[in-house]
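In what follows, chains are A, B, ... by sequence order, proteins preceding strands, each numbered from 1.
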Protein chains: 2
Amino acid sequence: MPQRRPVIVYENPRLEIATEIVKSATSGRKTLIIAGNCWVDYQGRASSTLEPGERIFIVKEDGSVLIHRSKGYEPVNWQPSGSVFYTTQRSGILTIRAVRRKPRESITTHFDHVHLIVVLSLVDKGEFSLYASEEDMQRAILLRPSIVEEGLKPITYEKKVEPGFIDVYGIDTKGRMAIIEIKRKTAGKEAVLQLAKYVDSVRNMVNREVRGVLVAPQLVKGAQKLLVTLGLDYRQLDPRKCAEIIRETETKKLADFY
Amino acid sequence: MPQRRPVIVYENPRLEIATEIVKSATSGRKTLIIAGNCWVDYQGRASSTLEPGERIFIVKEDGSVLIHRSKGYEPVNWQPSGSVFYTTQRSGILTIRAVRRKPRESITTHFDHVHLIVVLSLVDKGEFSLYASEEDMQRAILLRPSIVEEGLKPITYEKKVEPGFIDVYGIDTKGRMAIIEIKRKTAGKEAVLQLAKYVDSVRNMVNREVRGVLVAPQLVKGAQKLLVTLGLDYRQLDPRKCAEIIRETETKKLADFY
DNA sequence: GAGTGGATTTCGCAT
DNA sequence: ATGCGAAGTCCACTC
């Protein structure tokens with residue numbers, strides 16, 4: 001039984017060889033990295049051209065394409081997953097065309113020199129987890145409403161109203177309805193205005209006093225004033241606190257279980 | 001004088017060697033690619049963990065970091081440019097920590113096996129140009145208003161009015177004011193409503209008949225009906241056509257110049 | 001430096 | 001499939 005080769009490297013391959021490697025890698029659903037001198041044309045939702053230069057060209061197993069320059073977080077050209085590849089070689093130039101349907105678009109990359117090709121078979125079953133998201137904050141509030149205010153009773157969450165979705169709503173100690181808008185980071189004016197819209201929309205639907213509460217770790221400068229003007233409340237809440245509450249509750253559940 | 005080495009490759013380096021290569025690459029502002037088995041912790045605007053698996057780890061010259069799995073357009077973990085790096089090696093594990101200020105966040109990547117390290121010095125002066133943007137469509141309309149309708153005379157563009165910006169406005173053959181809202185791709189209901197707001201706003205300001213014209217390559221399903229209901233016009237216009245017009249005009253300008 | 005809007009946004013989820 | 005909202009969005013531009 002042959003051993004797995006996670007990485008196969010070709011340094012300065014002849015263009016004919018490079019062409020064959022690329023063809024076999026793209027048809028064999030391998031991850032492919034090319035470093036070389038190339039120029040790129042994109043046609044699709046917009047159009048673009050990239051003049052010659054040395055870049056890193058990556059094709060992943062699912063047919064996504066990334067072309068990276070030596071600077072910047074974002075790829076200069078790209079294609080999301082699902083591309084079909086056409087690789088050709090003619091008069092000293094290797095051309096890789098990646099075509100996607102829906103939306104119809106294509107990236108054509110021409111290489112006149114290939115410094116390096118790497119073909120990878122990556123084994124990756126590891127799980128990725130993101131914590132302290134807005135969803136976690138919502139869960140934390142539902143688990144322990146007192147972190148927003150004492151006596152709050154959540155009624156429901158992710159409720160659809162005309163302008164969008166309300167994160168949580170509940171009844172406060174004085175029997176008023178409380179609309180809760182959650183932001184996991186510093187809330188700006190747009191968050192305040194969104195909450196105002198929700199509150200307005202709910203006021204037109206229910207026969208009860210309605211309050212709006214913005215829950216966020218912080219506010220931008222102008223937002224505080226805007227909140228006051230619009231008669232809305234604010235409750236400072238750190239996402240880390242929420243993560244803690246979720247952790248505690250999970251632990252408690254486990255303890256109750258045993 | 002030593003020749004430039006655009007690509008230096010190390011296959012299955014010992015971890016001690018790998019550590020030194022990474023240190024010298026990050027301090028020397030080189031582009032670095034590592035393929036290996038790693039796990040990742042992120043702390044910052046949110047928090048995340050990524051369990052062990054084989055991935056591609058990239059550091060660029062400006063200190064941006066990308067960690068890519070074998071699938072998907074987006075990196076699983078990343079850091080925009082400006083990170084500072086701390087590389088250490090202890091009990092068989094290579095740790096690379098990338099820290100950024102403002103916002104304060106860090107990615108810590110641990111490798112227990114490195115299949116490949118590539119250190120690159122990419123020369124890339126090529127210019128990147130993107131065509132047929134919304135701005136290009138606006139320019140094309142100003143250059144040749146007849147593509148919207150015969151006899152249209154543009155008055156001004158990007159005029160500030162209450163709800164936002166009017167892309168172009170002009171006077172039509174019947175002396176009416178025409179508000180033109182441009183979308184470079186399929187226009188949705190929100191574009192229609194925005195235009196309606198603009199038209200409404202202008203009607204309150206001028207003593208003249210005011211029309212609204214939505215210019216876009218396509219409409220979403222419901223938008224057509226909404227346009228009719230609101231008494232607005234639609235003009236289909238392909239961004240590629242606009243690019244063509246701009247090209248022709250530039251050519252003509254050159255010809256006139258000589 | 002902070003806020004605002006756009007993107008070849010991408011992605012996920014609900015309809 | 002389509003539409004809508006969120007993102008560790010990033011990025012460029014304005015104030």
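- Residue A:Ile182 contributes atom CD1, which lies 14 Å from atom C1' of D:dA6 at whole-angstrom precision.
- Between A:Arg69 atom CZ and D:dC11 atom P the separation is 14 Å, expressed in whole Å.
- With its ring centre under 5.5 Å from that of the base six-membered ring and a plane angle below 30°, A:Tyr42 counts as stacked on C:dT8.
- The side chain of A:Gln194 sits closest to D:dA6 out of D:dA6, C:dT10, D:dG8.
- Side-chain contact between A:Arg55 and A:Asn77 is absent, with no heavy-atom pair separated by less than 4.5 Å.
- In this structure, CG of A:Leu66 is placed 16 Å from P of D:dC10, rounded to the nearest angstrom.
- The residue among A:Gly72 and A:Lys102 whose nearest nucleotide of DNA chain D is located toward the 5' end is A:Lys102.
- As rounded to whole Å, 7 Å separates atom P of D:dA7 from atom NZ of A:Lys183.
- Taking atom NZ on B:Lys71 and atom C1' on C:dC11, their separation rounds to 17 Å, with Å as the unit.
- At the phosphate of C:dG6, neither OP1 nor OP2 sits under 4.0 Å from any side-chain N or O atom of A:Arg45.
- Applying the 4.0 Å criterion to OP1 and OP2 of C:dG1, one finds that B:Arg101 has every side-chain N and O outside that range.
- A donor-acceptor contact closer than 3.5 angstrom is absent between the side chains of A:Lys71 and B:Ser64.
- Listed pair A:Trp78 / C:dT10 meets the phosphate criterion, a side-chain N or O lying under 4.0 Å from OP1 or OP2.
- Contact record, A:Ile182 with A:Met137: CG2-CB, 3.7 Å, taken as the closest heavy-atom pair.
- With pairs defined as Watson-Crick or G-U wobble and both atom distances under 3.5 Å, the stems of at least three pairs that touch DNA chain D come out as C:1-7 with D:9-15, C:9-15 with D:1-7.
- Comparing the P positions of D:dG8 and D:dC4 gives an interatomic distance of 22 Å, to the nearest angstrom.
- As rounded to whole Å, 11 Å separates atom C1' of C:dT9 from atom CD of A:Glu105.
- With ring centers used as reference points, A:Phe57 lies under 6.0 Å from A:Phe111.
- A:Tyr73 does not qualify as a stacking partner of the D:dC10 base, lacking a centre-to-centre distance under 5.5 Å together with planes within 30°.
- Within the nucleic acid shown, A:Gln79 has no heavy atom closer than 4.0 Å to any nucleic acid atom.
- At a threshold of 4.5 Å between non-hydrogen side-chain atoms, the residues A:Lys60 and A:Ser81 do not count as touching.
- Between B:Phe128 and A:Lys189, the residue anchored nearer the 5' end of DNA chain C, judged by the nucleotide with its closest heavy atom, is A:Lys189.
- For the pair A:Leu130 CG and C:dT10 P, the interatomic distance rounds to 20 Å; values are reported in whole Å.
- Atom pair A:Leu50:CG and C:dT8:P shows a separation of 14 Å (rounding to whole Å applied).
- For the pairing with B:Val40, the side chain to side chain contact (heavy atoms under 4.5 Å, CB included) check across B:Thr108, B:Ile67, B:Val76 returns one residue only, B:Ile67.
- With a 4.5 Å cut-off on side-chain heavy atoms, B:Ile34 and B:Ile96 count as touching.
- Both A:Glu181 and A:Glu74 lie close to DNA chain D; mapped to their nearest nucleotides by heavy-atom distance, the more 5′-ward contact belongs to A:Glu181.
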